Amino acid sequence: MKLPKIPYLIAIDGPAGSGKGTIAKLISKKLSLNYLDSGAIYRVIAFSAIINNIPSDQVLKLTSLVGSINMKFEGEDVLLNNKVITDKIRTPEVSKFSSEIAVHSKLRDEILNLQRSFYRGNGLVAEGRDMTTVVFVNADLKVYLDASPHKRANRRYKQLILKGNNVNIQELTCEIKARDKRDTERKASPLKIADEAKILNTDDLTIGQTVDKILTFIN
C-alpha cells in the first residue's frame, strides 16, 4: 500500500484491551513504519518501581526513576537494564500499577520526548491513551479503538492464561472498568476521543478486519 506522504504518522488511542497493541503492530509492519507501544513505557516504569518498593503516589521518586533506568525496545522484546522483561510487565499487578502512575502529569511530561523520538524514518504507528490528544496532535490519521468491557476482559483473560497466569475473568472485568474510570477521569491527559479521530468498535471485528478497516481510513 502506498502512503499519501512520507513520513506518515498514525496515532491510535483506546481503553485497555481494545486491541490497540496488536492492531498497531500489524499496521506498522504492513506499512514499514516504526511502532510505539506507549503503555509499555509506563509498564517498565511501574515494574521498576515495584521491585524498588516505590509507591505509586511518590511522584518525585518515580520521575527520578525514569532517568536512572535503561529502557530499550528491541523487536518484540522489552528490556530493562539489558534484561528482557517482556512477559513480566504484562501481569495484572503491573497493569494496575502502571494505570495508577499514569495519572501524574510530571511523570507524563518526563517521558514525552522519549515517546516523540519514535517518529522518524518513514513514520510511526503510535498507540496509547493520549497519542491523538497530547503526544501527536498533528497525526496524519487518528483512530479511537473501542470495545465493551466484557469483550476486553475476555481478550485479556485468554492472553494471560496462555502465558501461564492464574487469573479470574470477573476480577479482570472489574479491573478493566476501574482502569477505564482512572484513565478517563484523571486530570493529566485523560483518555478521550479526539475531534478528528475515526471511531472503530472492535466487538464484532476480527483482527484482520480491524486492520483492513484502518487501512481504508488512510485512503
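Since we're looking at a predicted model, the values are computed, not measured.
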Step by step, would you call T202 with R155 a side chain to side chain donor-acceptor pair (under 3.5 Å)?
CA-CA 11 Å; T202 65; R155 290 171 180 166; 3.1 Å; yes
I'd like to know whether S48 forms a side-chain contact (heavy atoms from CB on, under 4.5 Å) with L80, so could you lay out the CA-CA distance, the side-chain angles of the two residues, the decisive distance to 0.1 Å, and finally the verdict.
CA-CA 8 Å; S48 184; L80 172 63; 4.1 Å; yes
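Taking S95 as the reference, R43 meet the side chain to side chain donor-acceptor pair (under 3.5 Å) condition, with sequence neighbours excluded. For Q58, the side chain to side chain donor-acceptor pair (under 3.5 Å) criterion is met by no residue, not counting sequence neighbours. In this view, Y35 and E127 satisfy the side chain to side chain donor-acceptor pair (under 3.5 Å) rule, not counting sequence neighbours. The side chain to side chain donor-acceptor pair (under 3.5 Å) test applied to D146 returns no partner, not counting sequence neighbours.
For the pair R120 and F118, the cation-pi test (distance below 6.0 Å, angle within 45°) is passed.
Considering all non-hydrogen atoms of both residues, T133 and D13 come closest at N-OD2, 4.0 Å. Considering every non-hydrogen atom in both H104 and V59, the closest pair reads ND1-CG2, 3.5 Å. Shortest non-hydrogen contact noted between V167 and P92 is CG1-CG, 4.0 Å. Among all heavy-atom pairs drawn from L200 and T210, the shortest one is CD2-CG2, 3.8 Å.
A donor-acceptor pair under 3.5 Å is formed between the side chain of S64 and the backbone N or O of L60. In this structure, the side chain of T86 engages the main chain of V78 through a donor-acceptor pair within 3.5 Å. Panel note: side chain N122, backbone P7; no donor-acceptor pair is recorded below 3.5 Å.
Under the 4.5 Å side-chain criterion, counting only non-hydrogen atoms from C-beta, N113 is not in contact with S117. You'll find the side chain of L79 stays beyond 4.5 Å of the side chain of I85, heavy atoms only.
Among R182, R152, K181, the single residue meeting the salt bridge (charged side-chain N to carboxylate O under 4.0 Å, His left out) criterion with E175 is R182.
Counting non-hydrogen atoms of neighbouring residues, nucleotides and ligands closer than 6.0 angstrom, the CD1 atom of I161 exceeds 12 such neighbours.
Each salt bridge (charged side-chain N to carboxylate O under 4.0 Å, His left out) pair with one or both residues in residues 1-12, not counting sequence neighbours, appears once here: K5-D140. Within the structure, salt bridge (charged side-chain N to carboxylate O under 4.0 Å, His left out) pairs that include any residue of residues 191-219 comprise K142-E196 (at least two apart or interchain).
Contact check on K96 versus E171 returns no salt bridge, with no Lys/Arg side-chain nitrogen under 4.0 Å from an Asp/Glu carboxylate oxygen.
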